[in-house]
Chemist: 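Once you've had a glance at the structure underneath, I'll fire off some questions.
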Amino acid sequence: MSDKITIFDTTLRDGEQSPGCSMNTAEKLRVAEALVELGVDVIEAGFPIASPGDFEAVQQIAREFGDRTVICGLARCRAEDIDRAWEALRDAERARIHVFLATSSIHRQFKLKMDKPQIVKAAVEMVQRAAGYCSNIEFSPEDAARTELDFLCEVVEKAIEAGATTINIPDTVGYAVPAHFRRVFEYLRANVPNIERAVLSAHCHNDLGLAVANSLAAIEGGARQVECTINGLGERAGNAALEEVVMALRTRADFYGCHTDINTTRLFPASRLVSGITGMLVQRNKAIVGQNAFAHEAGIHQHGILQERSTYEIMQPEDVGYVGTNLVLGKHSGRHAFRDRIQALGHTLDEATFQRVFDDFIALADKKKEVYDSDIVALIEDRRREVPEAWSIQGFHTSAGTGTIPTATVELNAADGQSHCDAAIGDGPIDAVFNAVERITGIESRLEDFQVRGVSGGKDALGEVSVEVTIDGRQFFGKGISTDIIEASARAFLKAVNKAFAQRESRTAEPVLEVTRGV
Ligand code: KIV
Ligand code: ZN
């Protein structure tokens with residue numbers, strides 16, 4: 001019988017730690033909902049001691065989804081971390097505490113300044129403390145891939161004895177290569193006497209582009225849990241991409257003899273959601289969820305596909321919920337057809353959101369002859385991304401052209417309904433709009449990234465603008481859509497500005513500790 005591989009998603013913890021990817025609690029709840037729909041076995045929802053914001057998100061996710069999947073919180077080997085993690089998790093029916101401590105000689109010597117016996121003692125005491133709260137305990141010897149194998153065996157054995165039910169082997173710095181990593185798992189299974197009492201897990205970073213390959217090699221070596229993130233999000237080069245691990249196991253079940261419980265048709269929507277919220281765009285040729293992942297350009301391939309899909313296709317787009325550019329609806333399509341289409345695309349909207357998306361669709365269909373599936377998904381995502389609006393656009397006017405000074409006049413409504421108007425010049429019309437918005441809101445920003453993409457084909461395509469700006473020393477991301485890219489830019493910029501205002505209001509969410517990047 002095929003073995004089940006536990007899928008442990010850490011998008012909301014390791015993924016969220018990557019610069020520019022921070023999410024607020026509402027956004028984390030939306031991602032958690034998508035992960036539950038996807039069928040992940042464990043959601044690592046955050047690092048509760050890191051900040052009040054992290055704590056609140058873990059607690060809310062535990063309360064809302066803790067009866068449908070295991071909710072996990074991270075803790076260093078410190079009593080206060082473990083107590084705080086449990087406080088956040090205690091309302092979940094199925095909770096896991098994840099305790100970690102570095103074991104490699106580099107970390108022992110330079111970071112922790114602890115010797116081997118001190119490491120073992122701390123690990124044992126803190127696993128025991130966590131096991132006093134709940135029975136589902138994961139222990140990670142951080143930087144395991146660079147730890148001496150005999151010492152790794154000793155720590156793992158003692159952690160299991162102390163109550164760890166999952167032993168996670170992190171390749172914290174992405175140093176491992178597949179054959180080496182497989183051997184680490186084989187060695188542990190051969191040399192740790194109580195190893196059968198715990199599930200072995202792999203946690204790989206992608207610094208050498210090998211995170212997925214190493215995770216699969218770990219499975220060959222005996223791992224039965226893989227830790228991964230949507231779109232491979234994560235610190236530096238990221239973590240192993242969930243969608244790639246899952247589809248490799250499914251497509252090559254003949255080789256691995258393993259399966260997951262993931263509903264693969266939710267992979268593409270989950271990828272879009274995470275990219276939309278974090279602003280981390282998915283490269284076009286990214287495996288499984290890139291726009292080009294199923295595009296066959298070469299004539300020979302197209303000919304083969306028409307004869308028999310399996311000639312050039314090892315997976316089918318519908319297996320991963322790929323949304324293409326099918327022509328679907330026009331201006332005369334009614335609410336009924338629109339609702340059906342939204343359902344067929346796998347989205348469930350409450351009535352108020354449905355009405356807003358429908359109004360946007362009618363407005364778009366007025367401007368554009370043809371509306372595609374991808375346009376509809378962009379409209380849904382745009383409405384679902386709404387953040388509390390300190391400022392909204394009432395209107396704007398720009399003037400630009402060769403030999404003129406680009407100028408913008410912008411009118412914004414404040415939350416109290418008052419209208420504010422100002423004008424500015426800039427390097428171009430978009431810059432002028434951004435400058436006018438800054439003058440009105442009093443916010444100072446630095447634009448870090450600006451990208452435009454056409455959502456579907458054609459000259460009248462819906463344009464999607466993504467911006468990343470630094471405000472108050474933090475990065476904020478915003479996305480806007482319109483058939484007019486200046487308007488899409490203004491909307492994207494204002495979304496980022498509104499996030500900064502929301503952040504200012506929840507200033508209580510200042511970090512309690514500086515979370516070490518890379519853990
Ligand atoms: O990369 C790492 O070592 C981690 C641990 C906390 C599991 O993220
Ligand atoms: Zn990690």
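If you read the sequence from its start, that first residue is 1, and numbering goes on from there. For ligands, and for the atoms within them, numbers begin at 1 and follow the listed sequence.
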Chemist: Can you give the angle His203 NE2 - the Zn ion (ligand 2) - Asp14 OD2, rounded to 10°?
Modeler: 90°
Chemist: If the plane angle is over 60° it's perpendicular, under 30° parallel, otherwise tilted; pick one for Phe434 and Phe493.
Modeler: parallel
Chemist: Could you tell me which atoms of ligand 1, counted from 1 in the order shown, lie closer than 4.0 angstrom to a heavy atom of Glu142?
Modeler: 3 (O)
Chemist: Under 3.5 Å, N or O to N or O, is His205 touching ligand 1 that way?
Modeler: yes
Chemist: Do Asp261 and Lys4 meet the salt-bridge criterion of a basic N to acidic O distance under 4.0 Å?
Modeler: yes
Chemist: In terms of atom number and element, which parts of ligand 1 are under 4.0 angstrom from non-hydrogen atoms of Thr172?
Modeler: 1 (O), 2 (C), 3 (O)
Chemist: Measure from NZ or CZ of Arg84 to the centre of the six-membered ring of Phe47 and say whether it is under 6.0 Å with the direction within 45° of the ring axis.
Modeler: no
Chemist: Does Glu235 come within less than 4.0 angstrom of ligand 1, counting non-hydrogen atoms of the residue?
Modeler: no
Chemist: Would you call the rings of Phe100 and His98 parallel, tilted or perpendicular, taking 30° and 60° as the class edges?
Modeler: perpendicular
Chemist: Which heavy-atom pair separates Cys258 from Ile219 by the least distance, and what is that distance?
Modeler: SG-CG2, 4.0 Å
Chemist: Out of curiosity, is Glu227 lining ligand 1, as in a heavy atom under 4.0 Å away?
Modeler: no
Chemist: Is there a polar contact between ligand 1 and Ser140, counting only N or O atoms under 3.5 Å apart?
Modeler: no
Chemist: I need the contact type for Arg13 against ligand 1. Using non-hydrogen atoms and a strict under-4.0 Å cut-off, is it side chain, backbone, both or neither?
Modeler: side chain
Chemist: Counting only heavy atoms not in Arg90 (residues, nucleotides, ligands), do more than 12 fall under 6.0 Å from its CZ?
Modeler: no
Chemist: Pick one: which of Ile167, Thr165, Thr166 meets side chain to side chain contact (heavy atoms under 4.5 Å, CB included) with Val199?
Modeler: Thr166
Chemist: Which of the atoms in ligand 1, numbered in the order shown and given with their element, are less than 4.0 Å from a heavy-atom of Asn168?
Modeler: 7 (C)
Chemist: Distance to the ring centre below 6.0 angstrom and angle to the axis at most 45 degrees; does that hold for Lys116 and Phe151?
Modeler: yes
Chemist: Asp14 heavy atoms, cut-off 4.0 Å: which ligand 1 atoms fall inside?
Modeler: 8 (O)
Chemist: Write the atom name of the N, O or S atom in His205 that is nearest the Zn ion (ligand 2).
Modeler: NE2
Chemist: Short check: any N/O/S atom of Glu235 below 2.8 Å from the Zn ion (ligand 2)?
Modeler: no
